[in-house]
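Reckoned from all heavy atoms, side chains included, excluding hydrogens, waters and symmetry mates. Every number for a ligand or one of its atoms is a count from 1 in the order of the listing. When a residue number appears, it is its place in the shown sequence, counting from 1.
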Amino acid sequence: MRESGVKAERVSVTVAEARDLILSEAQPLGSETIGLSRATGRVLAEEICAEVLIPPRDNSAMDGFAVRAEDVRSTPTTLSVVEEIPAGRRPERKIGPGEAARIMTGAAVPEGADTVIMIEETVSAGASVTIQKSGPKGEFVRRAGSDVVPGSLIAEPGTVIGPALVGMLSAIGRTTLAVAVRPRVAILSTGDELVEPDRLEPDGRIVSSNSYSLQSALSELGVEAVYLGIVPDRPEQIEARFRQALGCDAAISTGGVSVGDRDWIKQVLADLGGEMRLWRVKMRPGAPMAFSLVDGKPVFGLPGNPVSTLVTFEEFVRPALLRMMGHAKLFRPVERALLAETFEKPRGRMHLLRVRLEEREGQTVAVPTGDQTSHILLSMVHADGLAIIPAEAERVPAGSEVAVQMLRRDDLRADPGF
Ligand code: AMP
Ligand code: MG
């Protein structure tokens, strides 16, 4: 029989220290080349600069007539129409004094012409056109290179690829590009009391909801989750399952990370040769939480309570995986809000309160969503964000301004904001 856990450790770090430590060990996995049609949501792994002019030549922004500005300085004036230029066809005639060309939107402006008169300001009669009203020189001409020129910076590594960038890349003729490799992440849930949701019986056992909330959190990130199921609280079995997990780029376990007789995670990670980097974090919900490198791969031993699992994922695992995926920005946005109720706690740990944001009389108010204990998942279901109550605070009166980490937002920031 092995001995459970390493019980003597007392070293405890702040949330910011834990985050820094974990991020310092998370390295991008490298890149692969993919086709543009599969690029949406992926993270760019190269710098993209234009090599062409867009638009490739001066073209018309309107249906109308291409003219020389000096010919239409005083109106009305009549010009002879020498050519008709639909979009996509090269003009054949140079526009000389007293001449115009009928031109369609997007068609190349012919040599000699510098201005387009919109059709609404003209009256055509056979081979001539009378210009009723003219604008400034250059009006309704989209200049060659007004979008990009060779050398224009289009996107930097770390950018998440979305519709506008896909359109731009296609416009400059890029059909393949280098993107960051997506990590495969193993999930295993430890606990003798756990069953899968389709095996729920009135026998006192509970569903391993963490297995599903974590798979969901990974799929939201665009990470491939490899679910390794439920493992009983037996070190040999946990160790065997972790060996399997190490075939992936990172592993996440839940439960068994505290100091109880059946809490084997730390011991098993040590037996696997892992370097334990972190265990106690001064936060609630959350601590304890293990972070270890096994064969150089990050392994997160998250606590078992369902809200602790999700909050530690949010604060530590998510930014680390984003970094491994090549993202330049790792953190959810933080909003300021007024706390709706007075909150009291002992000094020493950061508390992350589940809140929803409401607009009241022109102000944003953070309203706790209910019971804040770490097994109450429903208050997490209803939360827009986590209100950050700093470790040193003891009493935060109602109406105080707090930072709220916005859990449903994907407009990520380079700075954690707390
Ligand atoms: P532990 O960290 O193993 O002491 O677990 C703490 C609490 O979380 C216990 O009440 C467990 O039953 C519960 N728990 C552990 N793992 C899970 C899981 N995968 N899904 C839901 N609850 C869990
Ligand atoms: Mg347990």
Side-chain angles (χ1 to χ4, degrees), residues 1-7 9 12 18 185-219 225-242 244-245 250-271 274 276 278-292 299-318 349 352 354 370-381 383:
M1 188 71 186
R2 306 194 207 189
E3 253 207 275
S4 170
V6 187
K7 296 185 182 177
E9 275 173 81
S12 186
V185 180
I187 298 173
L188 57 101
S189 300
T190 69
D192 288 336
E193 73 281 31
L194 304 176
V195 292
E196 294 293 347
D198 58 351
R199 293 290 152 82
L200 186 60
E201 309 240 354
D203 63 357
R205 300 212 282 169
I206 62 162
V207 170
S208 176
S209 61
N210 292 341
S211 304
Y212 296 89
S213 58
L214 284 179
Q215 287 182 76
S216 170
L218 291 178
S219 101
V226 178
Y227 178 44
L228 298 180
I230 295 166
V231 199
D233 289 312
R234 272 182 229 108
E236 302 74 22
Q237 293 194 34
I238 297 172
E239 185 172 320
R241 206 67 64 95
F242 263 121
Q244 235 179 305
I252 307 171
S253 67
T254 74
V257 77
S258 194
V259 291
D261 288 340
R262 289 170 170 242
D263 291 338
W264 295 105
I265 296 296
K266 292 172 63 201
Q267 184 63 53
V268 166
L269 292 177
D271 291 348
M276 187 64 75
L278 167 72
W279 181 40
R280 289 180 184 277
V281 185
K282 293 175 187 153
M283 67 188 286
R284 174 160 285 170
M289 185 202 101
F291 173 66
S292 182
V299 177
F300 300 89
L302 303 187
N305 274 305
V307 179
S308 305
T309 302
L310 281 175
V311 171
T312 49
F313 180 91
E314 184 65 36
E315 303 310 327
F316 307 115
V317 186
R318 198 183 134 94
R349 290 187 190 190
L352 299 102
R354 287 147 255 172
D371 189 333
Q372 297 287 326
T373 40
S374 57
H375 67 289
I376 302 295
L377 193 51
L378 191 59
S379 53
M380 189 68 172
V381 170

Any donor-acceptor N or O pair under 3.5 Å, side chains Ser253, Thr190: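 Checked: Ser253/Thr190 side chains show no N/O donor-acceptor pair below 3.5 Å.
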
Of the protein's non-hydrogen atoms, which lies at the shortest distance from [atom], and what is that distance?
atom                    : value
atom 23 (C) of ligand 1 : Gly304 O, 3.2 Å
atom 4 (O) of ligand 1  : Asp263 OD1, 4.2 Å
atom 18 (C) of ligand 1 : Asn210 ND2, 3.0 Å

Indicate the atoms forming the closest heavy-atom contact of [X] with [Y], along with that distance.
X      : Y      : value
Gln244 : Leu228 : NE2-CD2, 3.8 Å
Val231 : Arg241 : CG2-CG, 3.7 Å
Ile230 : Val195 : CD1-C, 3.4 Å

Give the numbers and elements of all ligand 1 atoms closer than 4.0 Å to a heavy atom of [X].
X      : answer
Asn305 : 6 (C), 7 (C), 8 (O)
Thr254 : 19 (N)
Gly256 : 1 (P), 2 (O), 3 (O)
Val207 : 20 (N), 21 (C)
Ser208 : 18 (C), 19 (N), 20 (N)
Glu193 : 11 (C), 12 (O), 15 (C)

Ligand 1 contact on Ile206 by region, counting heavy-atom pairs under 4.0 Å: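 Only the side chain of Ile206 comes within reach of ligand 1.
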
Side chain, backbone, both or neither: the part of His375 lying under 4.0 Å from ligand 1 by heavy atom: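 Under 4.0 Å from ligand 1, His375 contributes no heavy atoms.
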
First locate atom [atom1] of [X], then atom [atom2] of [Y], and finally report the distance between them rounded to the nearest 0.5 Å.
X      : Y      : atom1 : atom2 : value
Thr309 : Met380 : OG1   : CE    : 10.0 Å
Arg234 : Glu239 : CZ    : CD    : 15.0 Å
Asn305 : Thr254 : CG    : OG1   : 10.0 Å

Test item, Ser209 contacting ligand 1 (heavy atom, 4.0 angstrom):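 Distance cut 4.0 Å: Ser209 passes for ligand 1.
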
Qualifying salt bridge (Lys or Arg N to Asp or Glu O under 4.0 Å) pairs, either residue in residues 300-317, two or more places apart: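 Every salt bridge (Lys or Arg N to Asp or Glu O under 4.0 Å) pair that includes a residue of residues 300-317, provided the two are not neighbours, is Glu314-Arg318, Glu314-Arg332.
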
